[in-house]
Amino acid sequence: MTIISFAVALVGFVIFAPVLGCLLAGVDRIVSARLQGRVGPVLLQPYYDVRKLLAKENRSVNGYQEFYIVLSLAFAILSGVFFFAGGNFLLVLFVLTLSSLFFIIAAYSARSPYADAGAQREIIQIASYEPMTILLCVTFFMATNTFNVSEVFNRDLPLVATLPLVFAAFLFILTIKLRKSPFDLSYSHHAHQELVKGITTEMSGRTLALVEITHWYESILFMGWVALFFIWNTMLAIPVVIIAVLLIYFLEVFIDNTFARVKWQAMLFWSWTVTIICCLLNIIYLIVLGYLG
Amino acid sequence: MVIVGFLITLPLLAALLLLVVRNDRVRAPLVIGAGSLTMLGSLALAVLYLFSPGIYVKIPAPYSEIISYATVAVSCICCLYVLVKGARNSKPLAVFLAALQLVFVLILEFGAAHDVEVKNDLYIDQLSVIMALVIGIIGSGICIYAVGYMRDFQHHLEQHAATHHHARLDSGYQALEHHAKDRRHIFFALMFVFLSAMYMIVFSNNLTWLLCGWEVTTVCSFALIGYTRTREAIDNSFRQIVMNLIGGLGFVMALMLLSSHDIKILELDRLIAFGSLNGGIGLVGLPVLLLSLAGFTKAAQMPFQSWLLGAMVAPTPTSALLHSSTKVKAGVFILIKLAPVFAFNLNGLVVILVGGLTFFFCSALAISQSNAKRVLAYSTVANLGLIVACAGVGTPEAVWAAIFLLIFHAAAKSLLFCCVGTAEHHIASRDIEDMDAIFTRLPRLALLMALGMFCMFIAPFGMLISKWATIVTMVDTGNIPLLFLLAFGSALTFVFWAKWLGKVLAVAQGGSNTEHHIHKSEWFALGLMSLLAVGLAIGLPWVSEGVVVPYLSAVASGFSGDVSSWAEITISTYSLPGAIVGENSNLRAAIGFNDLLIMATIALALIIVFAIKFLRRPKEPTSSIYLGGVGIDSSKRSFINALSTTSVSTQRNWYMESLFGEKVMTSFANVLVIAVMVLGAIAIYVGFGGVL
Amino acid sequence: MSSTIKSPWLIHYDASSCNGCDIEVLACLTPLYDVERFGIINTGNPKHADIFLVTGSVNERNIGVLQQIYSQMLEPKVVIACGICACSGGVFRDCYNNLGGVDVAIPVDIYAPGCAVRPQAIIDAVVAGLGVLEEKRAAFAATGGKLAEKPVLASGLSSANKIVDGVSVRDAAFTKAREASKALASVTDRQEGANND
């Protein structure tokens, strides 16, 4: 990661990620509606939602919640910038965790029963996916011998060829990260009344708008992680990545609409089991590959 | 070199004085003065030696003899003290172990060790300077903190005794007046003896001297844990002494083996050089394993974690001193020192597995605890496990991580202990659930507590950066089992910190600030530790470049010049096939300087943003919390229930005891770790250790 | 046209409805009526909602709830009374504990009568409510986003018998009903007391 790549990523991510993230969210709502036999809202519906929220009265349960949400947004952006600048994968991960932590603190700060319950579920969600994200970085290093994500552009084969099972396990926890059913425990985009609104119960108006925008940034960051698996050193990678990302997103939306929410125990158990089995097998595969080649 | 003598003797003299002075008004300036002097001494030491290569010192013959006899005498007195105490409290196991220890020490000193020539008795290198700074600044800071804390503590104790005066005949309370007797002079004396013993440990090259410091810390913590003289305290102090005597026996036996005819080494630097030259196997295999056993007990690794948990009954400054900056740090210090001997052999693997398993299981166990001090205790054990594992990996990068883990843990954990201690005197509880709305009642304290927690587990602060380095070194060396333990353990760490942090930062709509009761000495110590934690987080890149990397280079480039280099050993022993290729050839920090700089910048920015936000008057709440439309009072979370009367919504954090409870996990984990130790010991004993 | 009316989020509260109207409200979400076409979302949280849909009539027990939910909604906001009971008390109007329609508790912007109210009527009412919402938004924006009034933090609910203190009374029947209900309650109490003896 150089100063120039950082600057380019900064400008690019700050401007384009929310646009793309918003469109992605719009597509999500239309596709979900179609899957349910409905027409659904317009493509720009998420944008209208946020505009409306920004225009609402500014009231808050305390003087700190919005501060934490702003920090959460700032670190989500920073994490994305590091990622798209081709920086250190672990750095990306840790800054993103900081963002999630501020989101949780924001919910806790309200000291409301519903927000508290949502926050604790969010913590369990993080406990469920965190090992996989760390192991994602680790296996990335094992395959490429560096933590710098820009390395994928120098590869002869897309990463998914060397890390197929890691990719599968990553998709599993991506469902948690994108807040999709069956793992949308702390708050859900489509189940509007789960725990009132879970972790965001006490967030309203401008604060809630910032939460939505954070989600847009995060979605694009995660799609970037998906793209990581399909990039290699030819121009052919471009259409492949676009198709792959769209397919994966559709898959997540499809899962969202076909699964019922599970309990946290099941989420924790399954995500850890999948993580252990897939990563272990894939590491063995890597070692075998190493012996052969 | 004089300064080393000053650092070891000054706390001792202070301890003697404090033992005599019983007036609290005189004691306070004495403690503060002695603490400050120790602090200044450590700083002076740092100025003189922090940026220079290690030096070794031979004490002239008659003096070194005298000191040697003195150390033996002290070791024996320690054993005798435990013997007497054990006999009085009818603890046969402690008596037995102490007697055994006494015999072994005497055999060692007047048998084999007597003939072994010791070239250099003391040394100063960058690691020992770092340790001296940890002891000098944080340890003394805790002593100063104790001035105000013990005043409240004694006050509470006397009040407690007075309220239960009428119930004196009741068996539970019959000794209360006896407990409430003012024994603070002993307390402060012990704290300072402790500091002195720690200095002894970090500067001694002569292993018998080191052993003396080792024994003194064991016995001091025994006395400190039993300070309140309640049944529970006495039991826990004996639990501590039994476990640490096992470690101490390991230490003595290691020395006996080392001083035998085949090896004849009683110096730390020569042991490390000889050990790493032999790849950590052969003759040194068993002694090193015994020394690591001593390290495990002192660092409270599984299955010895219960002494550290039991030690939580002691007054909080004791916990802070024992678990952040001194005692347990002695355990990991010796393991970090021995790291080159652990590189890529079975001995190292045992150490890695013990540390890694301890990290994972104690992080999980911490989730199930609602007692703040027990959470801190488990987190301490877990983090020590991480340090132990890094030491076991033994590469320079891993030791880099271990040293930073040690430094940051000392700063952040002492801050947390002191915060919890102060909070306890104001909310009358150690329970995390009772810290609900502490942000409103004790805002500055809550913020410092939150700062300590941030430093413990989240980017951009030190512990996480060290953990980052740990991940890098583990993947570098292909330590796959440990990577899994680390990945899952880290997730568990997040759980217990995040939920506590949330509780601490929750804002109640109403309530009053009761913070003005906190003593000035407590604020001083809390401020000092916060500054240290923050300063280190921001200054990390430079500490790394200026101190730690040079230290590692010095260690790696050989010990006395003629020994083959550490780096070379790691390269030649290490060759995992395939895509996983480590780069051990050129010594560097596990994380690039630029990435460290990014983290430091983020830390600085975060501190500034927080300072600006929290120094300003907060905005008043403009909305009540949602309570299903029937809320009455947001600050109490009360609402009208279905019977038209008032109910209060309580929200406990999740402790998930069915998954992470002590009943579920402890014995299983203990058995697992013991199995690792026993299998490792057998394998090393039959000389299998070199295969790795 | 501002974004406000493209994204009206609802909160639905069943005051004391017979559930007829509630079924119809939920029907609006089904594929047949699909109110999400208009960006409408049925939230469960007053803090997120723009439109307050109330079904059923107001009584002693729920008047405080209605007022609290209303007070926790952010400006600009619109209240829609769904069904005849919400509009005027409906067939329950003369019941001993009935206080009347939703407008005895909070200001109502749109009335959507019917027993039960049909989904088409609800959608019509919401669309009509959007006009009001836009007006309110413009008015609110004109004040510069300042709070319309001092926010209500204390709920006004303290114990059951003081529930309606401080409420603006719009209907004379309301006072009468309240007196009647109290009288009845005291009679019942005495009877129960006698029974217990």
Evaluate the ring planes of B/Phe610 and A/Phe102, with Trp represented by its six-membered ring, and classify them as parallel (under 30°), tilted (30 to 60°) or perpendicular (over 60°).
tilted
Are the side chains of A/Val138 and B/Phe484 in touch, meaning some heavy atoms are under 4.5 Å apart?
no
Measure across B/Tyr626 and A/Ser112 and return the closest heavy-atom pair with its distance rounded to 0.1 Å.
O-OG, 4.3 Å
I'd like to verify something: which residue of A/Phe82, A/Phe75, A/Tyr129, A/Trp264 has the highest number of heavy-atom pairs under 4.5 Å with chain B?
A/Trp264
For A/Tyr114 and B/Leu627, which heavy atoms make the closest approach, and how far apart are they?
CE1-CA, 4.4 Å
Chain B contact via A/Leu280 - side chain, backbone, both or neither, heavy atoms under 4.5 Å:
both
Honestly, the part of A/Ile104 sitting under 4.5 Å from a heavy atom of chain B is side chain
So which residue, A/Thr162, A/Leu101, A/Thr275, A/Ile124, ends up with the most heavy-atom pairs under 4.5 Å with chain B?
A/Leu101
Which atoms of B/Met599 approach chain A - backbone, side chain, both or neither, heavy atom under 4.5 Å:
side chain
What is the ring orientation for B/Phe614 with A/Tyr68, classed by angle as parallel under 30°, tilted 30 to 60°, or perpendicular over 60°?
tilted
Identify which part of B/Val504 has an atom lying under 4.5 Å from any heavy atom of chain A, answering side chain, backbone, both or neither.
neither
I need the residue from B/Ile625, B/Thr650, B/Ile602, B/Asp436 with the largest number of non-hydrogen atom pairs under 4.5 Å to chain A.
B/Ile625
Where A/Arg111 and B/Ala437 come nearest, the two heavy atoms and their spacing:
NE-CB, 3.8 Å
For A/Cys279, is it the side chain, the backbone, both, or neither that has a heavy atom closer than 4.5 Å to a heavy atom of chain B?
both
Please look at B/Arg616 and chain A and tell me whether the side chain, the backbone, both or neither of the residue comes under 4.5 angstrom of a heavy atom of that chain.
neither
Which residue is it: A/Phe94, A/Phe89, A/Phe147? I am looking for the one with a ring pair (Phe, Tyr, Trp, His ring centres under 6.0 Å) to B/Trp468.
A/Phe94
Specify the closest pair of heavy atoms between A/Ile123 and B/Val495, including all atoms of both residues, with the distance to one decimal.
CG2-CA, 3.6 Å
Please examine the side chains of A/Ile134 and B/Leu486, heavy atoms only from C-beta on, and report whether any two atoms are closer than 4.5 Å.
no
Go through B/Asn653 and A/Tyr108 one step at a time and tell me if the side chain to side chain contact (heavy atoms under 4.5 Å, CB included) criterion holds.
CA-CA 11 Å; B/Asn653 269 339; A/Tyr108 262 113; 2.8 Å; yes
Close side-chain approach of B/Val507 to A/Ser109, heavy-atom, < 4.5 Å:
yes
The test is side chain to side chain contact (heavy atoms under 4.5 Å, CB included); show your working for A/Asn88 and B/Ile598 and say whether it passes.
CA-CA 11 Å; A/Asn88 189 309; B/Ile598 289 172; over 6 Å; no
At a 4.5 Å cut-off on heavy atoms, which part of B/Leu492 comes close to chain A: side chain, backbone, both, or neither?
side chain
Heavy-atom distances under 4.5 Å only: say whether A/Ile276 touches chain B with side chain, backbone, both or neither.
both
To the nearest 0.5 Å, what is the distance between CG (A/Asn62) and CZ (B/Phe439)?
8.5 Å
Sort A/Thr201 into side chain, backbone, both or neither according to what part of it lies under 4.5 angstrom from a heavy atom of chain B.
side chain
Toward chain B, the part of A/Leu98 with a non-hydrogen atom under 4.5 Å
both
Approximate separation, where rounding is to 0.5 Å, of A/Ile287 CD1 and B/Ile480 CD1
4.0 Å
With rounding to the nearest 0.5 angstrom, report the CG to CD1 distance, A/Leu91 to B/Ile465.
9.0 Å
A/Ala119 versus chain B, the contacting section by heavy-atom distance below 4.5 Å:
neither
Is the shortest side-chain heavy-atom distance between B/Ile471 and A/Cys137 below 4.5 Å?
no
Among A/Gln120, A/Gln265, A/Met132, which residue has the highest count of heavy-atom pairs closer than 4.5 Å to chain B?
A/Gln120
Heavy-atom closest pair, residues B/Lys613 and A/Gly63
NZ-O, 2.8 Å
Could you look at A/Trp272 and say if it's the side chain, the backbone, both or neither that has a heavy atom under 4.5 Å from chain B?
both
Go through the steps to decide whether B/Met656 and A/Leu268 satisfy the test side chain to side chain contact (heavy atoms under 4.5 Å, CB included), and finish with yes or no.
CA-CA 12 Å; B/Met656 296 173 270; A/Leu268 192 64; 5.6 Å; no
More than 12 foreign heavy atoms under 6.0 Å from CG of A/Leu292: is that the case here?
yes
Quick one: closest heavy-atom pair of A/Asn58 and B/Thr622, and the distance?
O-OG1, 4.3 Å
Near B/Arg441 CZ, under 6.0 Å, is it more than 12 heavy atoms from other residues, nucleotides or ligands?
yes
Reported CD-to-OG distance for the pair A/Glu202 and B/Ser634, which is rounded to 0.5 angstrom:
8.0 Å
